[in-house]
Structures are given as structure tokens and as C-alpha cells.
There are 4 protein chains.
Amino acid sequence: MSTTQRPRTGTRGRIIDVALELFSEQGYQETSLREIADRLGVTKAALYYHFKTKDDIVHGIIEQAAAPIDEVIAWGEEQEWSPEVRDELIRRFAAGSAERAPLLRFFHENQPALRDSSAGLEFKERMIAMIKLVHGPEATPAARLRAAMALFSFHTALFLLKQDLAAGPEALCATGTVTTLDQATEVALEVALEIAARIDSPRD
Amino acid sequence: MSTTQRPRTGTRGRIIDVALELFSEQGYQETSLREIADRLGVTKAALYYHFKTKDDIVHGIIEQAAAPIDEVIAWGEEQEWSPEVRDELIRRFAAGSAERAPLLRFFHENQPALRDSSAGLEFKERMIAMIKLVHGPEATPAARLRAAMALFSFHTALFLLKQDLAAGPEALCATGTVTTLDQATEVALEVALEIAARIDSPRD
Amino acid sequence: MSTTQRPRTGTRGRIIDVALELFSEQGYQETSLREIADRLGVTKAALYYHFKTKDDIVHGIIEQAAAPIDEVIAWGEEQEWSPEVRDELIRRFAAGSAERAPLLRFFHENQPALRDSSAGLEFKERMIAMIKLVHGPEATPAARLRAAMALFSFHTALFLLKQDLAAGPEALCATGTVTTLDQATEVALEVALEIAARIDSPRD
Amino acid sequence: MSTTQRPRTGTRGRIIDVALELFSEQGYQETSLREIADRLGVTKAALYYHFKTKDDIVHGIIEQAAAPIDEVIAWGEEQEWSPEVRDELIRRFAAGSAERAPLLRFFHENQPALRDSSAGLEFKERMIAMIKLVHGPEATPAARLRAAMALFSFHTALFLLKQDLAAGPEALCATGTVTTLDQATEVALEVALEIAARIDSPRD
DNA sequence: CATGAATGAGTCTTCATTCAT
DNA sequence: GATGAATGAAGACTCATTCAT
């Protein structure tokens, strides 16, 4: 469906793919342009033909990877808010989470580096839009926080999964059959819906 | 109560305080030893008198700040597991969250930098111990994941709050009176208990 | 004859020349990359474009300067051993000694710095090959030692000459006309042949 | 006999011993005061109580270790020169060579570091005195060079032995029984006397 | 006698970036 | 489209040295 998910042809696209891969694996600061260039088999200078700056690569990454979220947002903005719509938003957001994993991971684990970057802000704005759609109009601060937490549960689950895999079979969840990326997403969806369910009536 | 929380006298202690402050504000990589030294009014070389390496400072930070968590773990290990114990564990963990905020933040937002650091592993181990205590023995992978997510909800809430404050009054939650650090913690506690409640009976 | 002896064009070659010059004058450790860069009129970073590491420069030096020795070794390996071949080996080795002086000097006076360096080992291997050719097959340990001493007499002579020149006209040999580089080499050759002559019949 | 050869009591003496050991093993520049202090179980500052400067330690080393050479020089200065005296000088010089090995080694392998050091000059002067005694008055430059080379043959042999031991059993001389320190010295003495024998009648 | 704390100068090295070709 | 060569700024780290205690 989305044309942006598979490795693009053309150097520019390949740079984005490799950069996201490395950034999410090792971090933004920890990844040098030389590494990216090396893995691509080109020179550093070639990167500068396609991107004005290292930060600009992040720009490209987000631009390319945020499209699916934009679709969800667009859909949400056309609906009248209701608990059903809210849950559907979360489900749609969840739908792409698995593929977006590297992006989410990159975004969260590199806050310090992205803090002052214009590219980071772009992504943040999208998340804020999503959050607003989830909690609906005139929400209390607590409700807003819940909405945000619901959405971030996906990231948390993904984060934990990664830690887990890195730690080997001894680790906290990886007891064999269950915790694959998909199953982690499933649990995260469950949790997200639970959290969101109490948005209206925080105390029963 | 704990004597380790407020700025210690002695240069070594002051280094730890300032370093944690800067690391959690700007990130580990983004903070140079010069900055730390400057803010302390000493030379870089003085840092090296007290710590063998930049990484070693992180070591010191964790050693110093993880003591409260260790207490909770110690308590938990003495109890027979039960849903009540589980909830109490979460509450005790929550209790110090507000003060520990910078540490949690630092830990999460600097994953890339800490990944290969022995200091990072130390902290990770403590979290794993907490998670195991929360889900109790013989838990399913899904239950384990939930346990982890419950505990991490504090971090998520803190993370969101920070983003929020940084963004100014326009932002998602900060509508004036409510979302202070304490209130964020409160919501996070609520959410954590909800998530944990379903550990045993994931679907009702 | 050999095209590698005079200053090469191209920065890489110039770095090697200047580095050997400085290393042999002041020592490896005592020569900073800044000095090399300054004398070349480039920045330190430029050195790193051409060499991965300070040690790598040594690598380059040896690679470039050891070619003449390799030729002698190659010749020696084709001959059937005999006292005449042995003496010819020494003469051929002596032939280039004067030009190779800085290299020999650098190699000997920087043992501590080169000890753990892969570059140093490369040179050592060449010397060992030469020594083996000189003493021939099935030599007694004493014979081997003599062979080695014969070859090293060139270094000793060169070393003494340098000390001498540094010390001014008051010094041990420099009584005016005689001891130039060539004449020192000549004496060294004489001595080397004497030492080698007794390899077979150590005691008469 | 000499009281200076075994580890002295008193910190000052122990510093000298340890320093010589490390300097000759790893080199002067390559050995930091911290290493010396650590191996002694004291602090760097303690070294400064006993020596004004790092270079001053070298001073101490030479002062302490050169005494035996001074004795030989003193004896030589009382004799009327003759070939027999010359040979006896060499034999006396050889006598202590084995014990003095680390000093000789240190002196030669650290030329670059000692070049500008007043401590280095002291030792050099002693060697010059020895050389002058060996070649006798009114010697030709070539004769002087030979005299020097004769004496330095001990260093060469020691140097080669060390290289050898470092290289393991595969190496050039170490074929089992022979080349110990003593036997290397023996060969060196033989060679030294040969070289010296031709001082008068360089060409037969 | 010796230490604990600190410094200033300097080291090697890495990086994002530029530009002529 | 891309490269080879180079730069300037910065970073972590080391070292000899000092001095009050």
C-alpha cells in the first residue's frame, strides 16, 4: 500500500533508509555520517549532495515515515468525537506501529539530540495532534495526560521488547512463544484502550 | 529522609549532581565535560581526579540515585506475592518517582549512549528486578509485559510533563492549575494500578 | 635509482617525509601531530585524512623506506649460502645504510614507542630475515648473535656519529676532516665484516 | 660488593629502582609518574617529596648506577696506555655489563627523551671518558670510532637478547641452551676485543 | 613524610561541513 | 551525481606539577 515502506531506489531514498536504521540502532549522535556513507558504499560528500545537513536527513526520515500518521490524523479530524471514534483512532494508530517501530524508537531515544532540531518538532506536532483527537474537546488536564499515555503505551511496549531481545532468552518477557513484535503491539493496544476508557470517568 | 538526595558537599558529590542535571536536560553525549566543569567552577582535569571516565560519572549517578529503588526491591523480596503486595510495590515505587524524575528521564532518553555502558546495565538490572516482583512468579509473557508497562507509566507521564513544560502554556496538558509534577505522578499511579490489575485476568 | 627516496609529491608522501624527519630527530612520542602538520602547512585533521592513526604513519614510513632492504633479502634468498655470499650481503646492506640512516635511527631510538606497534614488528621481521641470511643455516646461537651484531654495527656507527655531531667539534671523533657519514659507514663495514668472519670459526 | 645494586630501603631508593625498571621496560615517556607511584604503593605527590622533577629521577638513576663505571674510569686514568691496558679496560667494563643491562638499555632506547635532559648528558660524559681511555691518546678518528663501537657492542648484544626473549623460542638466537644474559655478554666481550684489536693497525 | 585535591597545557582523535573538480 | 582533499571546532583523556594540610 504505502510506497514509502520498502527501500527506495535512488540514493536519496537509500540514505534515508540506512540512516533511520543506524539512528534507531545506535542513536543520532552516536552515528556518524561516515558510517552511513560507508554502509551505502558512497562518500560522505555524496550525502551532502542530497541533504544540506545531518539534521536534514532526520527531516527526510520523518517526512517519509510520518505519512501514515497523517492519514490517521486526517481521518480523525473529519469525525465527530465520541468514545467509539476515540477507540478507532487508537486502533488505527496501533495498526502501523509495528512497522513504525524504528521511527518511534528513534524519536524517543534521541530526545536530547532532537530537542533543538526543527525536524524533531515536526514529529512532536503530529503526536500532539493525535493526542488532542484522542481526548476530544474540553478535556481536563488529567484526561489529556491519559490520552497521551495511551498513545505512548505503544512506544513503551516496543521499547521493552527491544530491551528484551537485546538481553537474550533470559530476559523478562521472551519466554519463547509469545512476545514477538506483533504480540507486543497487541498487548499495547489492549492497555491503550484500557487507559483511554477511563478518560471520561477517571474515577468510578 | 534519605541523606543522599540533596546536593552533597565535597566536589565528588557536586559533580554527580551537576552531571545528572545536565545529562538529563541535554543528554549524555550532548553534555561535554567542559560544561560540567565550568558550571562547577573547576577544571576538566578535576573531574578526572574524581572519576576515571565520563562513563564512570554515570556510574556514580546511578549508584547514588538508585538506593531508594533498592529499598523497594528489598522489601518486595521479603513478601509473599499477592495482588495487594503487587499494588503496594507499585505505590512504593511511585512514592519516589517525582524526585527520581531526572534519573528516569536520563535513563530513558539516553538509551543509545548507555547501551554499551556498564553503568546503564546496572540500572537496567534494578528495573528488571522490580518488574519480576510486580508480575510475581510463573507469569505469562503478556503478564510480564504488563508489569513492565505499569512501572514505565511513571516514566511516560514524567516524559510528557517535561515535553509539556518545555512547550509553554499552549501545550497539551498545561492548562494552568493542574499538571504539576505531583499531579502527573498521581495520574501515572492510577494508570499503573489499572494496568497491573489486569495482569491476572487479562480479559474479563 | 629508487624513486621512493626523494620527497614525494602529494600530501601523503610529504607527511611521511616530514614525519620520519621529526620522529628520528626528536623521537616518536616527543613529536606531536601538531608539529608535523605545522611544518607541512596543513591542519592536524588533514593528517587523519591520509592516515588512520599516528601509528599508521609509522606504518607508512616503514613501508616506504624498507623497500631497499627487501631487495637485498630477495637477492640473498636466491643464493646458496657461502662466506662470499655472506660478505656480499653485508656489503649490499651497507650500501644503502647512509640514506637509511634516519630510518635505522628512528627504529632503534624509539623501541619503547614501537614495541607494541604493529608497524614496528614489520621492520623487525625484515631485520630477522637479514640476520638469518647472514649466519646461514644450522648456525649456533653464538653465530646468530654475531650475525646480528655485524648488521647492527651500522646502526651503532650511525648512532655514534650523530651523538658526535650533536656534541660539536670537541667530541669524540669529530676531529675535523674524517668522520663524515660516509666514512663512518666505511668503518662500520670493515667492522661488520670482521665480526662476520669469525662466525664459522668463533675461536681460533 | 657494591651497595647500590640491591633494592634500597627508604622510599627514595625504592623509587629509583622501580623507575629504572619501568623506564627500561616501557620507556621514559611511556612511563607516567602515576605508574611508578602505584607500583610503589604511594601517591604521585610522594615522588615530589624526594625528587624535584621527573627528569630528576633519571638523575638519581644514573648517579646510582654509574658508580661501577666510574671505578673503571678511575683505574684507567691511572694507567699508562697500552694494548694490554686497553683490553683490560674492556674486560672490566664488560664485568658489570650484565647487571647494568637495564641502565644501558634505558639509556639507548630513550635517546629522544634524554637528548635535552641534563641527566642524559651526565651518562654520555662517562661513556666518552671510557671511549677515550680505550683508544688512547692521539688516535685517528677511525680509531676513535672503533673504540666506541667496541664498547657499544655490549649494548648491541643486550639489545638483541631482549628482542629475542620478547619474541619467544622461535626467535633468532634463543635455540635453547646458549643465549642467556651471561653468554650474550661473553660473545659481546669477544667481539669487543676483536674490534679493539684493530684499532692500531686498521688494515693488515 | 606523605596525601588529597586541583590545574594548565597538551595529546590523539572524531566530526560535520565545504568546495574545486 | 559524486569524489578527494581539507578544515575548524570540539571532545575525552593524560600528565607533570603544585600546594595546603
Side-chain angles (χ1 to χ4, degrees), chain A residues 10-12 14-15 28-38 40-58 113, chain B residues 10-12 14-15 28-37 40-57 113, chain C residues 10-12 14-15 28-37 40-57 113, chain D residues 10-12 14-15 28-38 40-58 113:
Chain A
T11 307
R12 196 191 138 91
R14 289 172 57 225
I15 293 172
Y28 176 80
Q29 284 267 5
E30 290 78 4
T31 304
S32 73
L33 294 187
R34 189 173 53 62
E35 270 177 289
I36 298 176
D38 280 2
L40 275 159
V42 296
T43 49
K44 265 188 301 178
L47 304 185
Y48 278 88
Y49 180 79
H50 295 283
F51 298 92
K52 260 213 313 263
T53 188
K54 190 184 184 186
D55 205 274
D56 206 40
I57 298 181
V58 177
Chain B
T11 308
R12 198 191 136 94
R14 289 172 58 225
I15 293 172
Y28 176 79
Q29 286 266 5
E30 289 77 7
T31 303
S32 73
L33 294 185
R34 189 176 49 66
E35 272 176 289
I36 299 177
L40 275 161
V42 296
T43 52
K44 265 185 302 175
L47 304 186
Y48 280 92
Y49 178 77
H50 294 282
F51 298 92
K52 266 215 301 275
T53 192
K54 192 183 181 187
D55 204 275
D56 206 41
I57 299 182
Chain C
T11 307
R12 198 191 136 93
R14 289 172 58 226
I15 293 172
Y28 176 79
Q29 286 265 6
E30 289 77 6
T31 304
S32 74
L33 294 186
R34 188 175 51 63
E35 271 176 291
I36 299 177
L40 275 160
V42 296
T43 52
K44 265 186 298 173
L47 304 186
Y48 278 91
Y49 178 77
H50 295 282
F51 298 92
K52 268 215 301 276
T53 191
K54 191 183 181 186
D55 204 276
D56 206 41
I57 298 181
Chain D
T11 307
R12 197 190 138 92
R14 289 172 57 226
I15 292 173
Y28 176 78
Q29 284 267 3
E30 290 77 4
T31 303
S32 71
L33 294 186
R34 188 172 53 63
E35 270 176 289
I36 298 176
D38 281 2
L40 275 160
V42 297
T43 48
K44 264 188 302 176
L47 304 185
Y48 279 88
Y49 180 80
H50 295 282
F51 298 92
K52 259 215 315 266
T53 188
K54 190 183 181 186
D55 205 275
D56 205 40
I57 297 181
V58 177

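These figures come from a predicted structure and were not determined experimentally. By convention in this document, chain letters (A, B, ...) are assigned in the order of the sequence lines, proteins followed by strands, and residues within each chain are numbered from 1.
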Taking atom [atom2] of [N] as reference, at what distance in whole Å does atom [atom1] of [X] sit?
{"X": "C:F51", "N": "F:dA5", "atom1": "CZ", "atom2": "C1'", "result": "14 Å"}
{"X": "A:L47", "N": "E:dC15", "atom1": "CG", "atom2": "C1'", "result": "13 Å"}
{"X": "C:I15", "N": "F:dA5", "atom1": "CD1", "atom2": "P", "result": "11 Å"}

Over all atoms of both residues, closest heavy-atom pair of [X] and [Y]:
{"X": "B:L47", "Y": "B:L33", "answer": "CD1-O, 3.5 Å"}
{"X": "A:A113", "Y": "A:Q29", "answer": "CB-CG, 4.2 Å"}
{"X": "C:F51", "Y": "C:D56", "answer": "CD2-O, 3.7 Å"}

Any B:Y49 side-chain nitrogen or oxygen under 4.0 Å from OP1 or OP2 of E:dA5: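 Answer yes for this pair, as a side-chain N or O of B:Y49 is under 4.0 Å from OP1 or OP2.
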
A:H50 side-chain N/O to F:dA2 phosphate OP1/OP2 under 4.0 Å: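 The answer is yes; a side-chain N or O of A:H50 sits under 4.0 Å from OP1 or OP2.
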
Under 4.0 Å protein heavy-atom contacts per nucleotide of nucleotides 14-21 of chain F, with B for base, S for backbone only and - for none: BBBBBB--

Counterpart residues, salt bridge (charged side-chain N to carboxylate O under 4.0 Å, His left out), relative to A:D38 (two or more places apart): A:R34

Please tell me if the side chains of [X] and [Y] come closer than 4.5 Å, counting only heavy atoms from C-beta onward.
{"X": "B:Y49", "Y": "B:R12", "value": "no"}
{"X": "A:Y28", "Y": "A:D55", "value": "yes"}
{"X": "C:V42", "Y": "C:I15", "value": "no"}

From CA spacing to verdict: side-chain contact (heavy atoms from CB on, under 4.5 Å), D:T11, D:L40: CA-CA 9 Å; D:T11 307; D:L40 275 160; 5.6 Å; no

Base-paired stems that DNA chain F participates in, counting runs of 3 or more Watson-Crick or G-U pairs under 3.5 Å: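 As far as DNA chain F goes, consecutive pairing (with distances under 3.5 Å) yields the stems E:2-21 with F:2-21.
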
Integer angstrom distance from the P of E:dC1 to that of F:dT21: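 Between the two P atoms, the distance is 22 Å.
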
